[in-house]
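What follows is a single structure, written as structure tokens, with notes after it.
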Amino acid sequence: MNLPEIDQALKELTEANRISDGFSVAQRIRLIELCLQSLSEAVVEWVDLCCHAKQIPKDSPVRAEEVLAGPVSVARYLQVLLISLQAIQRSGKPQLPGTPVQTTEKQWRVPVFPTKGIDDAIVFSGLKAEAWLKPGVESESLFNLEHLERDSTTPFPLTLVLGAGNVSAIPATDVLTKILQDGERVLLKMNPVNDYLRPVFEQSFQPLIEADLLRIVCGNAEESAALVEHAAIDRIHITGSTQTHDAIVWGSDPVERESRKKSNQPKLDAPITSELGNVSPWIVVPGKYSEKQLQFQAENIAASIMNNASFNCLATKVIITAAHWKQREQFLSMIEQFLAKSPRRFAYYPGAAERWERFANDVPDDKEYLPWRLIRDANPQKTPYLFQEESFVCVCAETAIDSISDTNFLEQAVNFVNDQVWGTLCATITVPDPFRKTQQEFLERCVSQMRYGAIGINHWPALNYAFMSTPWGGAPGADLKNVASGIGNVHNTYFLRDVSKTVLFGPLTLFPKPVWFPSHPNPESVGWGLLKHYSHPSVGNLLRLGRSVVFK
């Protein structure tokens, strides 16, 4: 894509604003219905393109990742937003899946999962999620629906979305959030890593393109630099690295960047929102776990490391254990066993081999298919980069904390991840059942103190992303100078106001086996079953999904 073509795309979007006649809830509902139809025609090619680029064999169960983290996530987003908008059309506000509860600290905890209308309570039995709002939000103002009230006199902001290159659903749902929820026209600039997806995105979102709400372009760093400074751009949203964010906002030259930060003179006038990296921690509270619970949680962590070859901002990068925990050695050995018996993945993301060498402090025997690496007893003082820099490669560190009790451990661990582990995106806590029963209030207080936008209790916060009704983004409080894991959030299909974090709750084990686990016997079939159900929710599709779960 060259600059004249980009200028033409911007011209078309800008011209559309001059003849805009508003953007009603009914119009958004109709566009979602059309997108669900056009999406279904592109999904096979979508998955095949991703698997080809990432060198995933046709008979590999890993193909399921591209189904689930691609069209399934997008179809789910469209369906849960459709349900929410239909409720708003009927009654003026979204229909929550439960009753919000206000804590003694005047904080609302709002149920956001399982959602109604697509059988979440059956498909994801045992899991629930809440959005914890900032203290002080009043009960009559839980929802922020102002973007749904755009009339013909209010122009659409023109937003540049700089797409992520690792997971195909990210740029897609970023775009859909900006258009269908925030009421913005979008120019999506594809990441060079996955710009092969442009044709299937154009097919999937053809209704939005025909409505002059979306254009999709490709290009290199030169095109990106021209776009972020283009006079037609009103807003920018980026999913990527902090380094890319700071180069855009403060300048690519280190001297210029520091000078601008000191004088608080960013290069851009346009507001910028973002979802950036994270050194994602997983805290394991000591206690007595059964063999089954240990196995499940070990595979849980292994799955979070291996998914997408570990090229995820939410891939576990630091495991925090208690030095005195009697099952520590057994648990870590289980994780290593799951890693050892899982085939290596093609390191498709640029610079992976060099990052692996630095973070593993070793030379890989194969720079294209990097080995999984768990570094035990990592010392934050001796190897601070393992805790303060996102490796974005398949290296995970483990460190142990000396503590006098399980509560003392969790208290220390929360302080540790808040103060010594970089990022504010997501974190996980594995909790023994007796601790959870007797220390529930203490656990919730610790969760409240964690400076993360998404927290999972016993489960990987990737689900906080994938469920789509759960708002997704870094913890509030970031600014352009210290952006951490980003500013703002996406998804949030219940249109909740002032979200502080989302918290996922679940038991130590799940049945049937989660489809994202490496040992799942039939993951791709389940993925396609989920796609059919989210595209057309019905009893028949639910039953067919159930059969794919039970029978290989």
One should read off an interatomic distance between Thr502 OG1 and His491 NE2, to the nearest 0.5 angstrom, of 11.0 Å
Pairing of Asp419 and Arg451 as salt bridge, 4.0 angstrom limit
yes
Between Ile179 and Leu213, the two heavy atoms sitting closest are CD1-O, 3.4 Å
Note: Asp174 and Val161 closest approach over all heavy atoms is CB-CG1, 4.1 Å
Hey, are Glu65 and Lys54 close enough for a salt bridge, meaning a charged N less than 4.0 Å from a carboxylate O?
-> no
Looking only at heavy atoms, the pair that brings Ala9 and Leu187 closest together is CB-CD1, 3.9 Å
Carboxylate-amine/guanidinium proximity below 4.0 Å for Glu138 and Arg497: no
Notebook entry, point to check: For the residue pair Tyr385 and Phe359, does the interplanar ring angle fall in the parallel (under 30°), tilted (30 to 60°) or perpendicular (over 60°) class?
Noted result: perpendicular
query: Should Glu398 and Lys317 count as an ion pair when the cut-off is N to O under 4.0 Å?
result: no
Exercise for the section: Could you check whether the rings of Phe23 and Phe156 sit parallel, tilted or perpendicular, using 30° and 60° as the cut-offs? Expected result: tilted
| field | Close aromatic pair by centroid cut-off 6.0 Å: Phe338 and Trp372 | value | no
In plain terms, say whether Glu229 and Lys267 are close enough for a salt bridge, that is, a side-chain N and a carboxylate O under 4.0 Å apart.
yes
Check: Given the side-chain rings of Phe392 and Tyr349, with only the six-membered ring counted for Trp, is the space between their centroids under 6.0 Å?
Finding: yes
- Item | Neighbour count >12 (heavy atoms, 6.0 Å) for atom CG, Asp253 | yes
* Is the number of heavy atoms from other residues, nucleotides or ligands within 6.0 Å of NZ (Lys106) greater than 12? -> no
A cation-pi test, strictly: NZ or CZ of Arg257 under 6.0 Å from the centre of the six-membered ring of Trp250 and no more than 45 degrees from its axis. Yes or no? no
Nearest heavy-atom contact between Pro461 and Gly456 is CG-N, 3.8 Å
Taking every heavy atom of Leu374 against every heavy atom of Leu332, the minimum-distance pair comes out as CD2-O, 4.2 Å
(Q) Looking at Glu368 and Arg344, is any side-chain nitrogen of the basic one under 4.0 Å from a carboxylate oxygen of the acidic one? (A) no
Next item on the list: May I ask you to decide whether Asp182 forms a salt bridge with Arg235, counting only side-chain N to carboxylate O separations under 4.0 Å?
Entry: no
Going through the checks in order, is the salt bridge (Lys or Arg N to Asp or Glu O under 4.0 Å) test met by Glu256 and Arg260?
CA-CA 6 Å; Glu256 177 192 15; Arg260 285 184 174 275; 3.0 Å; yes
- request: Assess whether salt bridge (Lys or Arg N to Asp or Glu O under 4.0 Å) is satisfied between Arg328 and Asp377, documenting all intermediate values.
  value: CA-CA 11 Å; Arg328 176 177 171 236; Asp377 289 305; 2.6 Å; yes
message: ring-ring contact (aromatic ring centres under 6.0 Å, His included) for Trp325 and Phe409? Distances and angles first, verdict last.
response: CA-CA 10 Å; Trp325 181 33; Phe409 165 80; 8.8 Å; no
Item checked: Lys128 to Phe505, cation-pi by 6.0 Å centre distance and 45° axis angle -> yes
* **Beyond-backbone contact of Thr470 with Leu504, side-chain heavy atoms, under 4.5 angstrom** => no
Report task. Measure up the Phe311 and Tyr348 rings against each other and bin them: parallel (under 30°), tilted (30 to 60°), perpendicular (over 60°). Result -> perpendicular
Exercise for review: Measure from the side-chain N and O atoms of Thr14 to the backbone N and O of Leu10, and report whether any donor-acceptor pair falls under 3.5 Å.
Suggested key: yes
- Query: Centroid-to-centroid, Phe495 to Phe143, below 6.0 Å?
  - Reply: no
